[in-house]
Visitor: 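First the structure, which I've put down as structure tokens, then a few questions once you've had a look.
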2 protein chains.
Amino acid sequence: MRKASRLGKRNSLSRDQIIEAAISILDESGKGGLTFQALATRLATGAGAIYWHVENKDDLLISACDVVIQRTLHSVVERPTPEETIRAVGLALFDCIDTHPWMGTVLAQTPGKMPMVRILELIGQQVRVIGVVEEWAAVSALLSYILGVAGQNAANAQFARKHGLDRSRFLGEVADVWACLDATAFPFVSSISCKLAEHDDRADFLAGIDLLIRAMLPVKR
Amino acid sequence: MRKASRLGKRNSLSRDQIIEAAISILDESGKGGLTFQALATRLATGAGAIYWHVENKDDLLISACDVVIQRTLHSVVERPTPEETIRAVGLALFDCIDTHPWMGTVLAQTPGKMPMVRILELIGQQVRVIGVVEEWAAVSALLSYILGVAGQNAANAQFARKHGLDRSRFLGEVADVWACLDATAFPFVSSISCKLAEHDDRADFLAGIDLLIRAMLPVKR
DNA sequence: ACATATATGGAATGACATTCCAACTATGGA
DNA sequence: TCCATAGTTGGAATGTCATTCCATATATGT
């Protein structure tokens with residue numbers, strides 16, 4: 001990757017094209033499916049040409065993630081209260097990562113980069129509107145929680161894909177393993193193993209957001 | 001990897017030896033430093049021999065992580081109240097991952113496996129003692145939060161190592177980038193960029209735990 | 001038209017994880 | 001005691017990638 005394009009581009013490659021193609025491949029085949037070879041094939045070019053527009057694979061992944069994050073966050077409309085807006089942002093992100101699991105992995109591994117900054121900004125603004133005293137503690141807790149859930153979901157999806165299972169079959173397998181644990185050493189885990197398969201990730205996620213929001217609101221209720 | 005050892009082992013390899021060697025390498029050189037070649041060299045054997053005792057690299061990473069997690073959690077002594085025990089578990093994990101950043105990556109990528117199950121169990125037990133109504137919501141929020149912070153710290157450390165920076169220099173660089181953002185589009189992030197370098201990850205982590213604990217306690221206070 | 005900066009595409013290169021395989025070595029019967 | 005067998009080893013293939021190289025194109029402005 002050198003500098004910006006200058007040449008007229010009859011039939012040429014552009015950074016945006018490359019990123020869009022990368023997003024398609026990632027959505028279709030997961031993070032493991034994105035190789036420079038696959039990308040070059042889809043774009044009918046060679047791997048070398050791609051490196052003219054993109055620094056390396058991390059650059060590509062972060063940019064792809066950023067494009068989708070921008071679209072996602074842009075689609076969230078402001079709600080009457082900052083609490084509700086935070087919930088809406090959280091849900092939008094949850095659904096986004098549910099649709100594009102590779103994003104969870106990328107987000108969880110690229111600290112301080114743009115995609116995460118956008119999330120931080122949006123949440124930070126809302127927390128600031130609420131006027132929480134321990135502002136940074138609240139914002140960073142929300143962010144870590146969201147990224148944690150994102151990472152978990154991404155890992156689940158990646159594992160499930162690798163072993164050719166769908167989500168519920170995957171959870172079923174986990175539940176089976178948990179159920180076989182020694183109930184003396186693992187009383188809690190074995191007691192919840194049966195509920196694992198039927199739980200609702202999305203509802204759990206929202207419950208966590210609500211816990212955090214409740215704790216950061218002024219001491220009433 | 002086939003079955004358990006049976007042969008007398010004068011000068012032989014054992015799974016435990018391999019895992020300990022892997023932990024050393026991971027601690028010294030990070031996740032990127034653990035290759036079967038490096039491991040074979042350190043153990044004065046060949047890569048093939050290692051595969052007799054270990055299924056694949058994931059197996060090795062998970063086992064290494066599990067060994068350290070067991071030691072860590074084992075070292076946490078029960079406190080007078082479940083809340084304090086949860087804090088102690090959290091801090092022990094935080095410090096553990098601070099010392100062994102590779103564990104953050106592994107934990108964040110191996111859903112439902114033993115290392116995470118141990119954490120889940122310990123937290124679940126304490127939350128159960130508290131008697132929270134929305135038990136699962138509370139436990140899963142705590143777990144996701146802890147794994148989220150773990151993942152962030154791991155990513156920071158990994159990035160810093162790759163670029164040969166120490167933690168504070170790394171945060172400094174991030175702060176510089178944030179400070180250059182358009183303050184109109186990113187009012188929150190640019191306003192906190194100056195505080196980034198001097199903040200205390202560990203205190204922030206604990207503050208998040210406290211937020212979650214406070215929110216799950218009965219409605220008093 | 002020429003010199004130059006931009007771009008391309010495909011062929012190296014170098015790291016790895018993983019698999020293979022040709023020895024080696026206990027162990028438990030004959 | 002000695003062999004057949006199953007457990008182990010070490011190192012050499014294999015195959016897949018990211019990344020780099022390089023020999024060609026193709027605009028641009030002079």
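Just so it is clear: chains get the letters A, B, ... in the order the sequence lines come, proteins before strands, and each one is counted from 1.
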Visitor: Taking the six-membered ring for Trp, is the centroid-to-centroid distance between B/F94 and B/F205 below 6.0 Å?
Guide: yes
Visitor: Between D/dA18 atom P and A/L60 atom CG, what is the distance in whole Å?
Guide: 10 Å
Visitor: Which of the following nucleotides, D/dT19, C/dA17, C/dT8, is nearest to the side chain of A/L13?
Guide: C/dT8
Visitor: Less than 4.5 Å apart, side chain to side chain, heavy atoms only: is that true for B/R87 and B/L91?
Guide: no
Visitor: Can you check each nucleotide of nucleotides 10-16 of chain C against protein heavy atoms at under 4.0 Å and return B for base, S for sugar-phosphate only, - for none, in 5' to 3' order?
Guide: B-----S
Visitor: Do B/S191 and A/R128 have a side chain donor and acceptor closer than 3.5 Å?
Guide: yes
Visitor: In whole angstroms, how far is the P atom of D/dT16 from the NZ atom of A/K31?
Guide: 20 Å
Visitor: Give a yes or no on whether a salt bridge exists between B/K113 and B/D66, defined as a side-chain N under 4.0 angstrom from a carboxylate O.
Guide: no
Visitor: Nearest-Å distance, CG (B/L39) to P (D/dT9)?
Guide: 13 Å
Visitor: Is the backbone of B/I192 close enough, under 3.5 Å, to the side chain of A/W136 for a donor and an acceptor to pair up by distance?
Guide: no
Visitor: What is the separation between atom CH2 on A/W52 and atom P on D/dC22, rounded to the nearest whole Å?
Guide: 15 Å
Visitor: In whole angstroms, how far is the P atom of C/dT19 from the CG atom of B/N56?
Guide: 8 Å
Visitor: Look only at the side chain of A/K31 and the backbone of A/P101, and say whether a donor-acceptor pair between them is shorter than 3.5 Å.
Guide: no
Visitor: When we call it a touch if two heavy atoms are under 4.0 Å apart, what does B/A44 touch: a base, just sugar-phosphate, or nothing?
Guide: sugar-phosphate
Visitor: Nearest whole angstrom, please: distance from the P of C/dT8 to the CD of A/Q17.
Guide: 9 Å
Visitor: Considering the options A/D201, A/N156, A/N153, which one meets the side chain to side chain donor-acceptor pair (under 3.5 Å) requirement together with A/R167?
Guide: A/D201
Visitor: Rounded to whole angstroms, how far apart are OH on A/Y51 and P on D/dA18?
Guide: 7 Å
Visitor: So, is A/H53 near the phosphate of C/dT6, with a side-chain N or O under 4.0 Å from OP1 or OP2?
Guide: no
Visitor: Using atom CD1 of A/I50 as one end and atom P of D/dA18 as the other, report the distance to the nearest whole Å.
Guide: 10 Å
